[in-house]
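Please read the structure below before turning to the comments.
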2 protein chains.
Amino acid sequence: MTDPTVRALRLLSLLQTHRFWSGGKLAERLEVSARTLRRDVERLRGLGYRISAEPGAAGGYQLQAGSALPPLLVDDDEAVAIAVGLRVAAVGGLDDAERTSLSALAKLEQVLPRNLRRRVAALQEHISPVVWGEHKRVSADVLAQLALTCRDRERVRFHYTARSGEETQRLVEPHSLVAQGPRWYLIAWDVNREDWRTFRIDRLAKLHGTGVRVQPRQLPGENAAEFLKADRPGAAPQYEAMFRLHMDRRSFHTHFGAWGRDAVENAEGVMEWRVRGRTPQEVLAYMFWLPDGVEWDVCSDDDAVRAAASAFRDRLAQLAVR
Amino acid sequence: MTDPTVRALRLLSLLQTHRFWSGGKLAERLEVSARTLRRDVERLRGLGYRISAEPGAAGGYQLQAGSALPPLLVDDDEAVAIAVGLRVAAVGGLDDAERTSLSALAKLEQVLPRNLRRRVAALQEHISPVVWGEHKRVSADVLAQLALTCRDRERVRFHYTARSGEETQRLVEPHSLVAQGPRWYLIAWDVNREDWRTFRIDRLAKLHGTGVRVQPRQLPGENAAEFLKADRPGAAPQYEAMFRLHMDRRSFHTHFGAWGRDAVENAEGVMEWRVRGRTPQEVLAYMFWLPDGVEWDVCSDDDAVRAAASAFRDRLAQLAVR
DNA sequence: ACCAATGCGGCCAGATCATGTCCGCATACC
DNA sequence: GGTATGCGGACATGATCTGGCCGCATTGGT
């Protein structure tokens, strides 16, 4: 432990895993004298990390929240947990979080050792049914891989099945990923066709990078989301329904928190809550999260939602003791 | 940029955000000569990070997946995304992931600047209804805070509402957090009562740390999970139901992936799938994720599940056009 | 075949930094 | 008051870091 650089990292790591350390302990761990340790702490402070210290018998050093984030030193298990969380966020449709989740994921996956990557993939499969739906599932693997190639402007090859069912092989320069409702799209420059194309990611197979990196290209139009909107109008249909709950405003908000902020109290003790979803089923799924013992009903203008509802009702009517 | 330590961190950061860099660019960014840059790269390699390099006109440096994880250098947005993902995983009940999610979260929250913490809290509220249910929601804030105090053996105070409704004030030394079915428990040494106690986290209020750190205590028994099991037998009731789907084995597995691995094909083209959940509602919620256009029915031995089903059916029968 | 761009690493001289030791001081808890 | 802790000045020694130079190897394009 003779290199100051190594020590700086180790020190940060130690301060991240146990909040309090005495100088003596730290010096021992780092195999340096107490004086040198103080100098190391001083250096980290100079770098912007807020390390507080307390004198006295119960004293010690502590890494505090500062204005800048220190490098995160995580162990294997934690890295797996982070990767899984990010993949759920990216695929599960967490609104705005999607894009940044992907960029963080790209960073992590780039350096994730192979065995950890396997664990992530295994865990990923246990995750919530939120990722299901009518549409084909988007593979988080593919998404993570594409995020990397977009970032690095690396050409990729894949097979693509067009809406017509025709299957073609493509060689493209990825530009960006956009989530549109339940679907993910890749916007890329198609090398053979010499034009911009959008690809639905669930239609794409046998993806692999070519290792060839290219100069970034200028996408026509404002940004990727705008481009997609122009290219695929109406790609994100929305379904909605209205729930009417017999509960007072306070208990409603206690139960639903920020989720229910759109609800209005239409009469004393009756909350009206308009919910939206990507599929009729998803809209109706809200009913499973209503509190027990509360009177409610649901209504909708939308034929698709009502058709789904009556289908569910018929099925439930047949529920039998096994 | 004259300090080698700073440069090492910056270099890692640069290599994490763009996969490829030429030596010249890097040297320019770090404001050192190309020779020094090579030495820096050499040093990082000596530290165990695998940095590959390619000579030639299209050459450059690249950080690869190695056996060890480099320190993660994330920007603000990414940190927020990570924190949100981890909180969802911890609260949403991702089985084994819970404990490690919490430990990673503790690391991150410890150093998360205040403004970012606000963003995390705001986003957290938009997250999936999975966290709802019959039980009171567990606050991810409280959970994260407790994870920190457990790790650091910091005494905390809180108000606790016993099952009887009696409210007491407690001063405890947190030992560990355990997820039991839908609930989270804190296992701690109660300072005033001089004994070990378990607390349901959703019954706990006005939590704040005292800043006092104490020596770790030895928990009687194997580990925290064992202790809880002895202290609160039968804390995790399970509900179950059986879905019968008219689909062939292949399309079933295509649709459900690893989730459906327990299903068996009881006759040609009929899959039987036993699902479990923490509440009757959660069990039934599976029906919303069944593929469109497939015949199915559901059955259950459990009175609670069947009561919930018929309640839903009645409600759906009343669905009206608004 | 040639050229340009890139990475690699040896060598050197001078400047800089890091280290351990010793010291006195301040602070907090018992 | 005693003890454990953190703070930082001074100093001498030795290690290191840096920039500049060199020739070499590899790669890709002209």
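Naming: A, B, ... by sequence-line order, numbering from 1 per chain.
One distance of note links CG of B:Asn115 with CG of B:Leu112; it measures 8.0 Å at 0.5 Å rounding. Atoms NZ and CZ, from B:Lys107 and B:Arg151 in turn, are 7.5 Å apart once rounded to the nearest 0.5 Å.
Shown here are the salt bridge (Lys or Arg N to Asp or Glu O under 4.0 Å) partners of B:Arg153, two or more places apart in sequence or in another chain: there are none. Scanning for side-chain contact (heavy atoms from CB on, under 4.5 Å) contacts around B:Thr198 gives B:Ile187, B:Phe227, B:Leu228, B:Asp231, B:Arg232, with sequence neighbours left out.
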What nitrogen or oxygen pairs link the protein and nucleotides 27-30 of chain D at under 3.5 Å?
residue: D:dT27; atom: O2; partner: B:Ala57; partner atom: N; Å: 3.4

Can I get a per-line list of side-chain donor-acceptor pairs under 3.5 Å for residues 40-53 of chain A, giving both atom names and the distance, sequence neighbours left out?
residue: A:Asp40; atom: OD1; partner: A:Arg7; partner atom: NH2; Å: 3.0
residue: A:Asp40; atom: OD1; partner: A:Arg43; partner atom: NH2; Å: 3.0
residue: A:Asp40; atom: OD2; partner: A:Arg7; partner atom: NE; Å: 2.4
residue: A:Asp40; atom: OD2; partner: A:Arg7; partner atom: NH2; Å: 3.1
residue: A:Arg45; atom: NE; partner: A:Ile51; partner atom: O; Å: 2.8
residue: A:Arg45; atom: NH2; partner: A:Ile51; partner atom: O; Å: 3.0
residue: A:Arg50; atom: NH1; partner: A:Ala65; partner atom: O; Å: 3.3

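A donor and an acceptor atom, one from each side chain of A:Thr100 and B:Glu78, are nowhere located under 3.5 Å apart.
Salt bridge B:Asp202/B:Arg200: present, at least one basic N to carboxylate O contact under 4.0 Å.
Of the residues in residues 37-45 of chain B, those lying under 4.0 Å from DNA chain D by heavy-atom distance are B:Arg39, B:Arg43.
Considering every non-hydrogen atom in both B:Asp190 and B:Val172, the closest pair reads CA-CG1, 4.0 Å.
For B:Leu11 and C:dG7, the CG to P distance is 12 Å, given to the nearest whole Å. One atom, CD of A:Glu28, and another, P of C:dG20, lie 14 Å apart when rounded to the nearest Å. In this structure, CG of A:Leu30 is placed 15 Å from P of C:dA18, rounded to the nearest angstrom. Distance, B:Arg7 CZ to D:dT18 C1': 8 Å, rounded to whole Å. Going from atom CZ of A:Phe20 over to atom C1' of D:dT5 covers 14 Å, rounded to whole Å. The interatomic distance linking A:Lys25 (NZ) with D:dA4 (C1') rounds to 13 Å, in whole Å.
Neither OP1 nor OP2 of C:dA18 sits under 4.0 Å from any side-chain N or O of A:Thr36.
Checking C:dG7, C:dG20, D:dT18 against every side-chain atom of A:Ser33, the shortest atom distance belongs to C:dG20.
Using a 4.5 Å cut-off on side-chain heavy atoms (C-beta onward), B:Leu37 and B:Tyr61 make contact. In this structure, the side chains of B:Phe158 and B:Val156 come closer than 4.5 Å at one or more pairs of heavy atoms.
Rounded to 10°, the helix from C:dA1-D:dT30 to C:dC30-D:dG1 has 50° between the axis fitted to its first five pairs and the one fitted to its last five.
Other residues, nucleotides and ligands place no more than 12 heavy atoms under 6.0 Å from the CD atom of B:Glu194.
Between the side chain of A:Arg35 and the base of D:dG6, no donor-acceptor pair of N or O atoms lies under 3.5 Å.
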